[in-house]
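Note that the coordinates shown come from a computational prediction; the quantities given were computed from them, not determined experimentally. Here is how names work: the chains are called A, B, and so on, in the same order as the sequence lines, proteins then strands, and each is numbered from 1.
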There are 2 protein chains.
Amino acid sequence: MVQSDMTERAAVPPSGLVRTSSDTASWHAVYDGLHDAIIRHRLDPGAKLVEEEIAEVFGVSRTIVRAALQALARDGVVILQRNKGARIAHPTPDEAREIFEARELIEPRIAALAAGRMNTGDAERLHACLHAEHQAMASDEPREAVYHSANFHRLVAGIAGHQLLSGILGDLLSRSSLVIALYWRMPQALCENEAHHAIVDSLAAGDQDRAATLMRQHIAALLGQLDLSERPQRQSSLAEALRDAARVPKGTRVLAR
Amino acid sequence: MVQSDMTERAAVPPSGLVRTSSDTASWHAVYDGLHDAIIRHRLDPGAKLVEEEIAEVFGVSRTIVRAALQALARDGVVILQRNKGARIAHPTPDEAREIFEARELIEPRIAALAAGRMNTGDAERLHACLHAEHQAMASDEPREAVYHSANFHRLVAGIAGHQLLSGILGDLLSRSSLVIALYWRMPQALCENEAHHAIVDSLAAGDQDRAATLMRQHIAALLGQLDLSERPQRQSSLAEALRDAARVPKGTRVLAR
DNA sequence: CTTGCGTAAAATGTATACAATCGCTGTGTT
DNA sequence: AACACAGCGATTGTATACATTTTACGCAAG
């Protein structure tokens, strides 16, 4: 879904019409590709992002890649260190807590707003999302399930119709994805998408108070399922914990499946 | 406070030591300069920002300026349009409402957190800020007063000790500055910094509930003092409303006083 | 006087070249 | 064997050149 066949350079347009314009900034493609790879856990927290490699994969110059990395850095999913390059963010337990505290503050309001603006199409989309999440679970693909779970929250935010809060929450959800990759306790694998079902019900019923309450409880429960016991400083600074040698064998093209 | 004497080029370091390192990204200087100029209303909403001009003022290449502009765009204080360049953002009434609604949600929580972490130094700084605001008012400099007013909220956020929420609020405050420039009803000029005094009192008393309540009421009052009656689409798209001909006479160096 | 078009100037988009820095590796010393 | 350090390759930082696009201007036709 990232890109079709970017291994071979500039991707010449099929027809004669060149259409060089495209009113969206050209780094959006790189941004989207990296963002997707990050929140779907195809790149691990802390992983190094080398500009040249990314540029080659997407068939653009480092100029464009840098713009994309800077945007991702402002989203909080990438960390930029001067002269040291870019890495996938690696939230500390404190940061993880702050992210979920912020969600606990914002999402109940979003749920309440959404409850007041639901239409049939919205309900349909929410159910489709829940179905996808359930199916991923059934297929034993927890990564996909977590991804769809986050999408559920994005959908609700879209329904709420508050551009600003939706945008803020979007960033929080992206970072939540990193937090889950790091601190999620798998044990009770079948989390509790019951919560999502209950939220959909309250939304469909237009019950703003109940939607807000359920959402707040849901976020609190999620936070409770994280293991935020202080690990040591974690890789980086101590010989980089063997340079991730195990998970990225050596010259593995870590991007582009 | 932005820069000392930027009319003449690159600001050569005073001593022989060149100090090329500086672990902060080099576009920060440009970012800070522009950001300060924007939130202090030295640049008006909607104003064009030409890369080459800015580059000349700060003595850097367009590469750096572009990075700064992109960062400002993600803050929501600058708008980037492909092939059309950058402009100071010009929030619509809807966006203005959303900004203050978000503040109404977030700032009470921040106030409550701050009330639980006050120390004497904090109280001192808050009082100093209030004093600066009052003095600016007395000197008939409403711009400065509004600036210090925003700083008051930034200070409270700093005391709260929640990095994430502070960061989010920082962006909201920057955008609020634009909203105020556009929609503030001056009539009752001496706004009501009584509200700020009352908030400081509740913070110093460590009364979390009262701090939260007062803050919520304060934000609501601010929102009420805006005139968000729908103006037409406002400049841009209709011959740019004469290209600001009135306020920027022609080749005026709009930056650098 | 207005409208339309074509050319020129200005501004932005992108790639590339080169400089600066980092981090690894191998060599020598204690 | 452990450590320090010099050198080199890899990577990032910044400026600049060039392509593309927008915008401004002038001239002619209606």
Side-chain angles (χ1 to χ4, degrees), chain A residues 9-11 13 17-31 47-73 78-87 235-245 250-251 254, chain B residues 9-10 17-31 47-73 78-87 235-245 248 250-251 254-255:
Chain A
R9 290 309 175 133
L17 290 176
V18 182
R19 182 131 195 78
T20 65
S21 59
S22 89
D23 56 353
T24 76
S26 69
W27 52 265
H28 276 350
V30 181
Y31 174 93
K48 183 84 199 296
L49 298 172
V50 178
E51 297 175 358
E52 183 76 48
E53 284 182 22
I54 299 168
E56 199 175 339
V57 169
F58 287 94
V60 295
S61 75
R62 281 176 49 220
T63 306
I64 309 299
V65 173
R66 285 186 131 248
L69 288 175
Q70 205 195 313
L72 290 164
V78 158
I79 299 297
L80 256 37
Q81 277 180 302
R82 186 176 172 92
N83 289 325
K84 304 265 230 58
R87 318 187 77 94
Q235 63 189 166
S236 186
S237 104
L238 73 108
E240 207 70 76
L242 291 90
R243 184 52 96 253
D244 295 341
K250 180 76 178 193
V254 77
Chain B
R9 291 306 177 133
L17 291 175
V18 182
R19 182 134 194 76
T20 65
S21 59
S22 87
D23 57 352
T24 74
S26 69
W27 50 264
H28 277 349
V30 180
Y31 174 93
K48 182 86 198 294
L49 297 173
V50 178
E51 297 176 359
E52 183 78 40
E53 284 182 22
I54 299 168
E56 200 175 338
V57 169
F58 286 93
V60 295
S61 75
R62 280 177 50 220
T63 306
I64 309 298
V65 174
R66 285 185 130 250
L69 289 175
Q70 206 196 313
L72 290 163
V78 158
I79 298 297
L80 256 37
Q81 277 180 300
R82 186 177 171 91
N83 289 325
K84 304 266 232 58
R87 318 189 77 94
Q235 64 189 166
S236 185
S237 103
L238 73 107
E240 208 70 75
L242 292 92
R243 181 51 99 255
D244 296 343
V248 183
K250 180 78 178 190
V254 77
L255 275 174

In whole angstrom, give the distance that lies between atom [atom1] of [X] and atom [atom2] of [N].
X       : N      : atom1 : atom2 : value
B:Leu69 : C:dT12 : CG    : P     : 9 Å
B:Arg82 : D:dT20 : CZ    : C1'   : 10 Å
B:Glu53 : C:dA9  : CD    : P     : 19 Å
B:Glu52 : C:dA9  : CD    : C1'   : 14 Å
B:Lys84 : D:dA24 : NZ    : C1'   : 15 Å
A:Arg87 : D:dT12 : CZ    : C1'   : 14 Å
A:Glu51 : C:dT14 : CD    : C1'   : 15 Å
A:Asp23 : D:dT22 : CG    : C1'   : 15 Å

Got a list of protein N/O to nucleotides 15-19 of chain D N/O distances below 3.5 Å?
{"unit_1": "D:dA15", "atom_1": "OP2", "unit_2": "B:Ser61", "atom_2": "N", "d": "3.1"}
{"unit_1": "D:dA15", "atom_1": "OP2", "unit_2": "B:Ser61", "atom_2": "OG", "d": "2.7"}
{"unit_1": "D:dA15", "atom_1": "N7", "unit_2": "B:Thr63", "atom_2": "OG1", "d": "2.7"}
{"unit_1": "D:dT16", "atom_1": "O4", "unit_2": "B:Thr63", "atom_2": "OG1", "d": "3.4"}

**Item:** Among D:dT12, C:dT14, D:dT21, the one nearest B:Asn83 by side-chain distance
**Value:**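 The nucleotide sitting nearest to the side chain is D:dT21.
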
**Request:** Check every atom of D:dT12, C:dT14, C:dA11 against the side chain of B:Val50 and return the nucleotide holding the closest atom.
**Result:**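 The answer is C:dA11.
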
Where [X] and [Y] come nearest, the two heavy atoms and their spacing:
X       : Y       : answer
B:Ala55 : B:Ser61 : CB-C, 4.0 Å
A:Lys84 : A:Lys48 : O-CE, 3.3 Å
B:Val78 : B:Leu69 : CG1-O, 4.1 Å

Report all interatomic pairs (protein N or O, nucleotide N or O of nucleotides 6-8 of chain C) with separations under 3.5 Å.
none

**Message:** List the residues meeting side-chain hydrogen bond (donor to acceptor under 3.5 Å, both in side chains) with B:Gln70, not counting sequence neighbours, and say none if there are none.
**Reply:**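 Once residues adjacent in sequence are excluded, B:Gln70 has no partner under the side-chain hydrogen bond (donor to acceptor under 3.5 Å, both in side chains) criterion.
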
**Request:** Under the side-chain contact (heavy atoms from CB on, under 4.5 Å) rule, collect the residues that match up with A:Ser26, sequence neighbours excluded.
**Result:**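 With neighbours one apart ignored, the set is A:Ile64, B:Arg82.
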
**Message:** List the residues meeting side-chain contact (heavy atoms from CB on, under 4.5 Å) with A:Ala68, not counting sequence neighbours, and say none if there are none.
**Reply:**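 Partners of A:Ala68 by the side-chain contact (heavy atoms from CB on, under 4.5 Å) criterion, ordered by chain and then number, come out as A:Trp27, A:Val30, A:Tyr31.
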
**Message:** Is the phosphate of C:dC22 approached by A:Lys48 (side-chain N or O, under 4.0 Å from OP1 or OP2)?
**Reply:**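 Looking at the OP1 and OP2 atoms of C:dC22, neither is under 4.0 Å from any side-chain N or O of A:Lys48.
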
